[in-house]
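Remember, predicted model here, so these are calculated numbers, not experimental data. Hydrogens, waters and symmetry mates play no part in the numbers below; they use all other heavy atoms, side chains included. Ligands are counted one by one from 1 in listed order, and the atoms in each one are counted from 1 as well.
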Amino acid sequence: MRYVQVDTQSDPTSTAHPSSEKQKDLSKMLHRELLGLGITNATTDEYGYVYATIPGNSDKKNIPAICFCAHIDTAPDCSGTNVKPIHHRYYDGNDIVLPDDSMQVLSVAASPYLKEHIGHGIVTASGLTLLGADDKSGVAAIMEAAVFFMQNPAVKHGDIKILFTPDEEVGQGTAKVDMQKLGAQFGYTLDGGEAGSLEDETFSADAAIITINGVIVHPGYAKDKLVNALKVAGAILDALPKNEWSPETTEKTQGFVHPTAVNGIAEKATIQFIVRDFTTTGLTAHHRRLKGIAEEVVAKFPGAAMEYATQEQYRNMKQVLDQHPQVVAYAEEAIQRAGLSVKKESIRGGTDGSRFSYIGMPCPNIFTGMQNIHSKLEWIGTKDMAMAAATIVHLAMIWEERS
Ligand SMILES: [Zn+2]
């Protein structure tokens, strides 16, 4: 309730780190609270990251340092200014009309997961803003677990690393992270949905850029000579399959290509694509197919020429996690010890965890309970948040037991 009232919206148009200075308001609050818990090594830096270590208290000396990570920023898609969280203490199963905008109605019909929270607490915003459970519920779960460890020294664990990051929502969450300073071998982001969910797979992602060179001649004397690159670009877009292979026609484990921008003049045009799949061989096949379609179109415009370029964006974290199966296995066990059944899921997107996994910290994603994220109807159940904190505690205990 306290964390969501701090406006931490990140800014996709900024190249600064953090992208918005106000994110540091929450960094400073968390820094103070960690110090207040007696975690004297807690620090925050000019980029808005917060680092802290709860030192191990076990006699075992070979326990890997485990990081728990959450992001402090909220999505640019929806206002995060003056968030007024409302705690509905005993949710009765009825639709909830948000008080500051009666058009915003949270209903069981649209959000059936609400049914599992009847008789329990849920938190919503007031109708004018998002709630910010994404990802302040992750922050709260980690802080709650920190309180537990500091107050229960009889519970044995290795070094626990706490990391709060800015700018996850604008794809810059790991941009200025100091992995040396963090010093963790494995990590978990707390940035997932329904209780029990565990995400160990993300898309693998590339960009593709098709550049078309036309033939330019004075338009008054262009007969049989001019080739307009814009028209070639239009023809390539038109040649893409209509009923498959796009974000709007695929789900689950299917990949796609998706044109995101067209730029150009008659002489020269570019089409930018994002290409997504769960496997690298899938990505390669998508590139081959896209290039083939484009070449076939360009061949119908004698004189026009094209280039096809690719750019790696991020890779499926599973490729890394499969080399360290205990990371996911212990998370499954911790979720079960917290009394939940595990829901293994794949993310049709990237996470900070996919980037962490490739810069030395294999890092799946654990639930916090957040629902309807990036919208005014965002909500979260308080029992899910408590279960997320419990899962963190169990995870640290399991790493100690197995080392
Ligand atoms: Zn998030």
Legend entry - Charged N-O contact under 4.0 Å between Glu33 and Arg2: yes
Legend entry - Ion pair check, Glu332 and Lys344, cut-off under 4.0 Å: yes
Legend entry - Residues in ring-ring contact (aromatic ring centres under 6.0 Å, His included) contact with His324, at least two apart in sequence or another chain: Phe186
Legend entry - The single option from Lys156, Lys60, Arg337 passing salt bridge (charged side-chain N to carboxylate O under 4.0 Å, His left out) against Glu401: Arg337
Legend entry - Non-neighbouring partners of Gln336 that pass side-chain contact (heavy atoms from CB on, under 4.5 Å), sequence neighbours left out: Val342
Legend entry - In the protein, N/O/S atoms that are found under 2.8 Å from the Zn ion (ligand 1), waters not counted: His71 NE2, Asp134 OD1, Asp191 OD1, Asp191 OD2
Which atom pairs, donor and acceptor, lie under 3.5 Å between side-chain atoms of residues 68-79 and protein residues at least two apart or in another chain?
unit_1, atom_1, unit_2, atom_2, d
His71, ND1, Asp73, O, 3.1
His71, ND1, Asp73, OD1, 2.9
His71, NE2, Asp134, OD1, 3.0
His71, NE2, Glu168, OE1, 3.3
His71, NE2, Asp191, OD1, 3.4
His71, NE2, Asp191, OD2, 3.3
Asp73, OD1, Asp167, N, 3.4
Asp73, OD1, Glu168, N, 3.1
Asp73, OD2, Ser10, OG, 2.8
Asp73, OD2, Glu168, N, 3.2
Asp73, OD2, Glu169, N, 2.9
Ser79, OG, Thr81, N, 3.2

